[in-house]
K.L.:
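Pasting a structure here, questions to come.
Since this is a predicted model, take the numbers as computed values, not measurements.
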Amino acid sequence: MAKKSSGVGRPRSPLRGASEEVNQVALLLQRQLREADMTVRSLCALFTPEHFRHRPIPRHSTVTQRLNGVDLEKDWLLIEAIISICTPPAQAKDVTKQVKVLLEMHRQAPTLPVPDTVGEVVNSDQQIVDLQNEVRNLGTLHAGLADDFRQMRKLLEGFLRNAGNPVAGDSEPPGSPGSMGSAADHAPRPMERLELKRDKSPPPPGLLDDVEKVIAAFTRMDPDGRRVGRVLRGTVEQLLDGMHTGRYRWEQLMRSEKMVFRDLVHVSLAREFRLAEGVDQDFRVDDVEFVLRVSASNGWMIGGEDIGRVGVLLSFDHGKSIWSIGVIRFYEHFLSGPMNRDRKTRLSREGMESVRWLHLNVPLPVNVLTMLRQEEVDAIFSLQSGQQRINDLFRRAQRIPVTRDVLATVAMQSDYIKRLRGNGGARSVLRSEGIVIFDAGANHARIAAALLLPVLDREEFLAVRLARHGARHSSVPSVELDGERWVVASDEDPAELAPLMPDGLPSSRSTGYSA
C-alpha cells in the first residue's frame, strides 16, 4: 500500500516573512508527520482542547499554512501539539529542544518586513520560485548547447581545413574538370552521423575568474581557517545543547538532529562571514554567486541544476575530527554515476582532483571532554554542584584549551562563566593547588607566549599548574609574576600557592590583578 501523503508542501521562501530557521522548524514538523504516516486532516482529528489550553482548535487550512512556515513561530501551542501526537515519547523531548534552538536563532536574527496581505505575497513568492526554476533550467540548457556548439565548431573547422588541403600526390582537387575519379567520387554522399565527444579540456580562462574570486574572498576573510573551524564546532555544540542535556559527542545526537546539521552550517557560516543571499544560488561574495554543499558523512550530493555553477565544498568528518573546504566549478563530466530520484549524484575522481582546496583535513577545534578518559568524564559528572564539576574539569584537563561550550556542558547552568572567576570560582579555589587559568586577553597571552603555551582563541581557557623557578629549571622557559619567576610545573614539582595573575582583559588602563 502506498504511503499516505501529508498534503504539506515545502516551506516557501523567506520573502513571505518566514526566516530560514522557521522554515527548518516547518521541515522538521513535516518530517514528524510523515514518519507518523499521517495526513494533515488525520492530525487535526486528533487535536483536543487540552492541546490548545481550551482555545479554538485550528482548522485544517490554518494547520496547513503553519506547516508551510506561515506565522509558525507565533503558534507554539500548535508546535507542541504536533510533536506530542506525531513524535514517539522517547524522542519528543529532543525534538522540542531542537525546535526551541531554531526559534531562538530566529528571534536573534534581523527580522524581515512582513507584507500586509499573505495571499498576495504567496502568489508573488510562487511566481518568483517558478521564475528561478526557469532560469536554472535555461542556464543548464545554455551550458549544454554551448558545449555542443564548441564541439560542432571544432568539427567544422577540421572539415574545412581538410577540404582546403588536398591529399599529397593529387594534382587537382577532386571534382575539378581535369581530375580523375569514379562516378562514386562525385556522387552526393549521405550525411554521416557525427558523434560529439565531451570536451574534457580546461575551460576558457574567463570561466575561472569567478572561482578565483571566491577563493580570494574566503582566503581574505579566513586565511588560517580558524573561523570556519569555529563555525563547525559551534554548530555541533549547538545541536548537542550540552548545557541542558550534558551531551558532548556527535554520536549522542539523534538522527533527526544530524539531518539539520547541514542547514545550520549554512545559517552559521552566512552569519560568521556576513554572506549576502544569492538571487538563484545560496550566497554571493564579491559579486559572484555560489552554492554551498556540506557533507558530514559520505560526500556531497550535486544536482543537475548545479552544472556550470561555482560551488564551495565543506566537509566534516566527526570520526577523525577533521574538516576541509574547497572551491570548484561543476561540469557534467565531473559527476559520477546516474542521478538519484532527486537528480543528484556525487563527484567523480576527476571532479575531486579539480577541487581547489583552501584547507584540507584540518583538525577540528577540540571538545576537551572527548580527549579525557571515560572514567575521568564520569568522575566529573558525578559531582553534585556545577562549581565542583568546573573545578574538577580544570584539575584534570590541564594544558588543553577549554571552550565556553564545554563549561556550559559541565556546569549545566546558565551562569556557568561565573564558576570560572575568582571570589569563590575555579580561579580562587585552584590557586591553592598551584593552578592558574589563562584566557585570550592580551596580558594572559603575553605570559602564555613566554611559557610556550598554546595560543588561545576567543572564548577559550587554559589551566596550567605553575612552580617557582629553581636551580633544576635552568633550561625551562620562565616568566616573572607577582615579584617572582615561575615555570610550568612538572610532575616532580610540589603543589604550592600560585601567583596572582594580571587581568586578562585587553585594556591599556587595566592594572588590577585577579585570582
K.L.:
CG of L232 to CG of D317: how many Å apart, nearest 0.5 Å?
P.N.:
11.5 Å
K.L.:
Which atom names give the shortest non-hydrogen contact between V231 and S268, and what distance separates them?
P.N.:
CG1-CB, 3.8 Å
K.L.:
Under a 4.0 Å threshold between the charged nitrogen and the carboxylate oxygen, would D392 count as salt-bridged to R396?
P.N.:
yes
K.L.:
Strictly by modelled atom types, are E460 and T403 linked by a side-chain donor-acceptor pair under 3.5 Å?
P.N.:
no
K.L.:
Distance from K344 atom NZ to R346 atom CZ, nearest 0.5 Å?
P.N.:
11.5 Å
K.L.:
Inspect the contact between E376 and R395 and indicate whether a charged nitrogen and a carboxylate oxygen are less than 4.0 angstrom apart.
P.N.:
no
K.L.:
Would a line drawn from the ring center of F273 to the ring center of F218 be shorter than 6.0 Å?
P.N.:
yes
K.L.:
Is there a donor-acceptor pair closer than 3.5 Å between any side-chain N or O of R356 and the backbone N or O of G326?
P.N.:
no
K.L.:
If only atom types and distance count, is the side chain of D75 paired as donor or acceptor with the main-chain N or O of L78 below 3.5 Å?
P.N.:
yes
K.L.:
CZ of R226 to CZ of R458: how many Å apart, nearest 0.5 Å?
P.N.:
10.0 Å
K.L.:
In Å and rounded to the nearest 0.5 Å, what is the CD to CD1 distance from Q413 to I390?
P.N.:
8.5 Å
K.L.:
Show the numbers, then the answer: is there a side-chain contact (heavy atoms from CB on, under 4.5 Å) between T219 and L358?
P.N.:
CA-CA 7 Å; T219 302; L358 281 68; 4.2 Å; yes
K.L.:
On a heavy-atom basis, which atom in W323 and which in L314 lie closest, and how many Å separate them?
P.N.:
CE3-CD1, 4.2 Å
K.L.:
Do you know the tightest heavy-atom contact between I380 and R389?
P.N.:
O-CG, 3.1 Å
K.L.:
side-chain contact (heavy atoms from CB on, under 4.5 Å) between M371 and V366: does it pass, once the steps are laid out?
P.N.:
CA-CA 8 Å; M371 302 180 67; V366 297; 3.8 Å; yes
K.L.:
I want to check something: taking the side chain as every heavy atom from C-beta on, are I328 and V211 in contact at a cut-off of under 4.5 Å?
P.N.:
no
K.L.:
Would one find more than 12 heavy atoms of other residues, nucleotides or ligands at under 6.0 Å from atom CZ of R249?
P.N.:
yes
K.L.:
Quick one: do the D263 and H266 side chains pair a donor with an acceptor below 3.5 Å?
P.N.:
no
K.L.:
Can you find a pair of side-chain heavy atoms, one from V260 and one from Q98, that are under 4.5 Å apart?
P.N.:
yes
K.L.:
Do S324 and W357 have side chains that get closer than 4.5 Å, going by heavy atoms?
P.N.:
yes
K.L.:
For the pair V101 and V99, evaluate side-chain contact (heavy atoms from CB on, under 4.5 Å) and give the outcome as yes or no after the intermediate values.
P.N.:
CA-CA 5 Å; V101 168; V99 169; over 6 Å; no
K.L.:
Quick check: are there more than 12 heavy atoms from other residues, nucleotides or ligands sitting under 6.0 Å from CE of M221?
P.N.:
yes
K.L.:
For the side chain of D222 and the backbone of V228, is there at least one donor-acceptor N/O pair under 3.5 Å apart?
P.N.:
yes
K.L.:
Quick one: are L407 and I417 in side-chain contact, heavy atoms under 4.5 Å?
P.N.:
yes
K.L.:
Using modelled atom types only, decide if a donor and an acceptor are shared between the side chain of T370 and the backbone of N367 within a distance under 3.5 Å.
P.N.:
yes
K.L.:
Begin with the C-alpha distance, continue with both residues' side-chain angles, and end with the deciding distance and a verdict on ring-ring contact (aromatic ring centres under 6.0 Å, His included) for F261 and F316.
P.N.:
CA-CA 10 Å; F261 174 77; F316 163 62; 5.3 Å; yes
K.L.:
Using 4.0 Å as the upper bound for N to carboxylate O, is an ion pair formed by D282 and R293?
P.N.:
yes
K.L.:
Considering all heavy atoms of both residues, which atom of K258 and which atom of E251 are nearest to each other, and what is their separation?
P.N.:
NZ-CA, 4.4 Å
K.L.:
Taking T245 for its side chain and L240 for its backbone only, find out whether a donor-acceptor pair lies under 3.5 Å.
P.N.:
yes
K.L.:
Do NZ/NE/NH1/NH2 and the carboxylate oxygens of R230 and D457 come within less than 4.0 Å?
P.N.:
yes
K.L.:
Is it true that a side-chain atom of N68 and a backbone atom of T64 form a donor plus acceptor pair closer than 3.5 Å?
P.N.:
yes
K.L.:
Out of the candidates V214, D280, D210, only one should pair with E289 under the side-chain contact (heavy atoms from CB on, under 4.5 Å) rule; please name it.
P.N.:
D280
K.L.:
For residues Y416 and R404, determine if any side-chain heavy atom of one lies less than 4.5 Å from a side-chain heavy atom of the other.
P.N.:
yes
K.L.:
For A411, does its backbone N or O pair with a side-chain atom of R419 as donor and acceptor, under 3.5 Å?
P.N.:
no
K.L.:
So that I can tick it off, tell me whether K213 and D286 are bridged by a salt bridge, with the cut-off set at under 4.0 angstrom between side-chain N and carboxylate O.
P.N.:
no
K.L.:
Inspect the contact between R427 and D439 and indicate whether a charged nitrogen and a carboxylate oxygen are less than 4.0 angstrom apart.
P.N.:
yes
K.L.:
Should E35 and R31 count as an ion pair when the cut-off is N to O under 4.0 Å?
P.N.:
no
K.L.:
Within a strict 4.5 Å, meaning less than it, do heavy atoms of the T409 and F381 side chains meet?
P.N.:
yes
K.L.:
Going through the checks in order, is the salt bridge (Lys or Arg N to Asp or Glu O under 4.0 Å) test met by R271 and E21?
P.N.:
CA-CA 13 Å; R271 287 180 175 170; E21 293 84 359; 2.7 Å; yes
K.L.:
Determine, for D94 against K97, whether the closest basic-nitrogen to carboxylate-oxygen distance falls under 4.0 angstrom.
P.N.:
no
K.L.:
Shortest non-hydrogen contact from L347 to M352?
P.N.:
CD1-SD, 3.9 Å
K.L.:
Side chains of T345 and W300: closer than 4.5 Å at any heavy-atom pair?
P.N.:
no
K.L.:
Which residue, V487, L451, I447, V479, forms the side-chain contact (heavy atoms from CB on, under 4.5 Å) with L466?
P.N.:
L451
K.L.:
Rounded to the nearest 0.5 Å, what separates atom CG in L102 from atom CD in Q24?
P.N.:
6.5 Å
K.L.:
Check E73 with K100, please: is the shortest side-chain N to carboxylate O separation under 4.0 Å?
P.N.:
no
K.L.:
Without hydrogens or angle criteria, can the side chains of Q398 and R465 be said to hold a donor-acceptor pair below 3.5 Å?
P.N.:
no
K.L.:
Of the non-hydrogen atoms in F283 and A270, which two are nearest, and what is the gap between them?
P.N.:
CE2-CB, 3.5 Å
K.L.:
Taking E257 for the side chain and M254 for the main chain, is one N or O donor matched with an acceptor at less than 3.5 Å?
P.N.:
yes
K.L.:
Looking at OG of S414 and NE2 of H244, how far apart are the two atoms once the value is rounded to the nearest 0.5 Å?
P.N.:
7.5 Å
K.L.:
Are P502 and L481 close enough that some pair of their side-chain heavy atoms sits under 4.5 Å apart?
P.N.:
yes
K.L.:
Can D71 and K74 be said to form a salt bridge (Lys or Arg N to Asp or Glu O under 4.0 Å), step by step?
P.N.:
CA-CA 6 Å; D71 293 332; K74 301 177 183 178; 3.7 Å; yes
K.L.:
Backbone N or O of R309 within a donor-acceptor pair of the R329 side chain at under 3.5 Å?
P.N.:
no
K.L.:
Do side-chain atoms of R66 reach the backbone of L72 as a donor and acceptor pair under 3.5 angstrom?
P.N.:
no
